[in-house]
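Before any comments, here is the structure.
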Protein chains: 2
Amino acid sequence: MTPTPAKIRILLADDHTLVRRGVRLILDAEPDLEVVAEAADGAEAVAALRDVEVDLVILDVAMPRMTGLQAARIIARMRTPPKMLMLSMHDNEQYFFEALKVGASGYVLKSVADEDLVKACRTAMSGQAFVYPGAMSALVRDYLDRLNRGESLPRTVLTEREDEVLKLIAEGHSTREIARELTISYKTVERHRENILAKLGLRDRTQVTRYAIRAGLIEP
Amino acid sequence: MTPTPAKIRILLADDHTLVRRGVRLILDAEPDLEVVAEAADGAEAVAALRDVEVDLVILDVAMPRMTGLQAARIIARMRTPPKMLMLSMHDNEQYFFEALKVGASGYVLKSVADEDLVKACRTAMSGQAFVYPGAMSALVRDYLDRLNRGESLPRTVLTEREDEVLKLIAEGHSTREIARELTISYKTVERHRENILAKLGLRDRTQVTRYAIRAGLIEP
DNA sequence: ATCCGAATGGGTGCTGCCACCCATAAGTCC
DNA sequence: GGACTTATGGGTGGCAGCACCCATTCGGAT
């Protein structure tokens, strides 16, 4: 036997007490895993990382105040960021791709079996590109296959400026208001909006709103 | 001491394995509570009630195939229905009022503390009208206060039809599509939309989307 | 019997959204 | 240096969304 190896130190962030209970129960039962801190929202998680040394952060994608996705963006910019696993109730592409974009090491559904969660933690720590246990949609599978074969990403992502406009649209601002806000012309805003709709495959402002909320870009 | 009293027999229905884990852990730790069955959706819960004798059903409001609210409506029509507690992630009015309407004995958020959940089970079994532990929105509190003082309910501003239209708008459907969906004329849909915007003090379809998501009328 | 709210539908007109077309300046990549 | 991307801006046209006007039918409350 090796002399007791260091456990993987985990920060667990989920706004639902009951979920934290369940996850902690499962993880602490493993000899090589240890939940060393909990957080009830994204902001708490980020703050906790300043006080506690952590190897892996498990983040619920949707939390009040600061979502898991927002927190992940901040965490990824730290000097020595821990690995990140996104925990989600929703088996949908949007959240999944957002998780990829923010640099998470995996995306785990809350409906998975215990062993899948445990395995995801270990795989994430091993440096694997991306973990996705359970039944994922075909679209996601294709995407990950391409990713694992080293192919470049189709680059559906929005530019920074488009992201700004996207948020303002989703918050219910009119084209004219956005133009004033960004001090650019009405026409340029229309141009950005057009590109956003095309890139995301959306039809109108209403769908942009839902997209942005789903992606955790704005609060409902 | 009384000779060991019969435990409260509980059916637990939630589609997320991790949540069932956590809840079961908390309840089974109590001397007077016992989880005797689990279900992963509403249909399973209803089916399980035919095989197992149960005093209390804990139902997640949102489950695939058959939601907890749908299941509650069916369960309430049984000859000797068990008590029902609705479990929810969302502290919003819509689900809450639905829970009231289907005859549940309480509405418990997944973010509550362990003791609150345990207390809710006991209170529900005692025959109390309605339990609502934890931090509820001010709107819900007012509502329950009025309810407990025996005042009549001011009820939602929107009519049933307007509610239908509201949801379809929020889901990103155009006026024309909604008209086809409801087999009414384009003009009537416009009329309903106009009333909705006026009653809710909103400006356009984008804001309707955000409102509906916030109120829990639709999923993002 | 009457009145009111809810649901239905029509007309008219303004404005905003969206889809095409076009161009230019600045930066990056090969 | 040329290709490409990003951000900027313009024009034009069609259709949708929204506001304000109108009316009819039906059922329940007073």
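Order of the sequence lines fixes the chain letters, A, B, ..., with proteins taken first and strands second; residue numbering starts at 1 for each chain. Keep in mind the model is a prediction, meaning the values are calculated, not measured.
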Just by distance, do the side chain of [X] and the backbone of [Y] share a donor-acceptor pair under 3.5 Å?
| X | Y | value |
| --- | --- | --- |
| A/R9 | A/E53 | yes |
| A/S111 | B/H16 | no |
| B/H173 | B/L168 | yes |
| A/R210 | B/E171 | yes |
| A/T188 | A/I184 | no |
| B/Q207 | B/R203 | yes |
| A/D41 | A/E44 | yes |

Task: Closest nucleotide among D/dG17, C/dC17, C/dG9 to the A/Y186 side chain - done: C/dC17
Between [atom1] of [X] and [atom2] of [Y], what distance do you get to the nearest 0.5 Å?
| X | Y | atom1 | atom2 | answer |
| --- | --- | --- | --- | --- |
| A/D32 | A/C121 | CG | SG | 9.0 Å |
| A/I74 | A/L49 | CD1 | CG | 10.5 Å |
| A/L87 | A/L109 | CG | CG | 8.5 Å |

Under 4.0 Å between a side-chain N/O of [X] and OP1 or OP2 of [N], yes or no?
| X | N | result |
| --- | --- | --- |
| A/S185 | D/dG10 | yes |
| A/R203 | C/dA19 | no |
| B/H192 | C/dT8 | yes |
| B/R205 | D/dG17 | yes |

Open item on the list: Students often get this wrong, so: under 4.0 angstrom with heavy atoms, is B/R193 touching a base, only sugar-phosphate, or nothing?
Closed with: base
Open item on the list: Need one value for B/T188: base, sugar-phosphate or nothing, where a base atom within 4.0 Å counts as base even if backbone is also close, heavy atoms only.
Closed with: base
- [ ] Specify the residues of residues 165-182 of chain A, ordered by number, for which at least one heavy atom lies under 4.0 angstrom from an atom of DNA chain C.
- [x] A/S174, A/T175, A/R176
Open item on the list: Under the criterion side-chain contact (heavy atoms from CB on, under 4.5 Å), I'd like the reasoning laid out for A/M84 against A/L59: C-alpha separation, chi angles, the key distance, then a yes or no.
Closed with: CA-CA 7 Å; A/M84 297 186 285; A/L59 290 163; 4.2 Å; yes
In whole angstrom, what separates [X]'s [atom1] from [N]'s [atom2]?
| X | N | atom1 | atom2 | value |
| --- | --- | --- | --- | --- |
| A/D204 | C/dG16 | CG | C1' | 13 Å |
| A/L158 | D/dT6 | CG | C1' | 13 Å |
| B/Q207 | C/dG16 | CD | P | 15 Å |
| A/L197 | C/dC17 | CG | P | 11 Å |
| A/L200 | C/dC18 | CG | P | 13 Å |
| B/N195 | C/dG5 | CG | P | 12 Å |

When you compare the protein's N or O atoms with those of nucleotides 25-27 of chain C, which come within less than 3.5 Å of each other, and at what distance?
none

- [ ] Apply salt bridge (Lys or Arg N to Asp or Glu O under 4.0 Å) to the pair B/D204 and A/R205, showing each step before the final yes or no.
- [x] CA-CA 10 Å; B/D204 54 33; A/R205 289 155 65 254; 3.2 Å; yes
Task: Protein-to-nucleotide contact annotation, 5' to 3' order, nucleotides 20-30 of chain D [B base; S sugar-phosphate only; - none; under 4.0 Å, heavy atom] - done: BBB--------
Open item on the list: Once hydrogens and angles are ignored, does a donor-acceptor distance under 3.5 Å link the base of C/dC17 to the side chain of A/E190?
Closed with: no
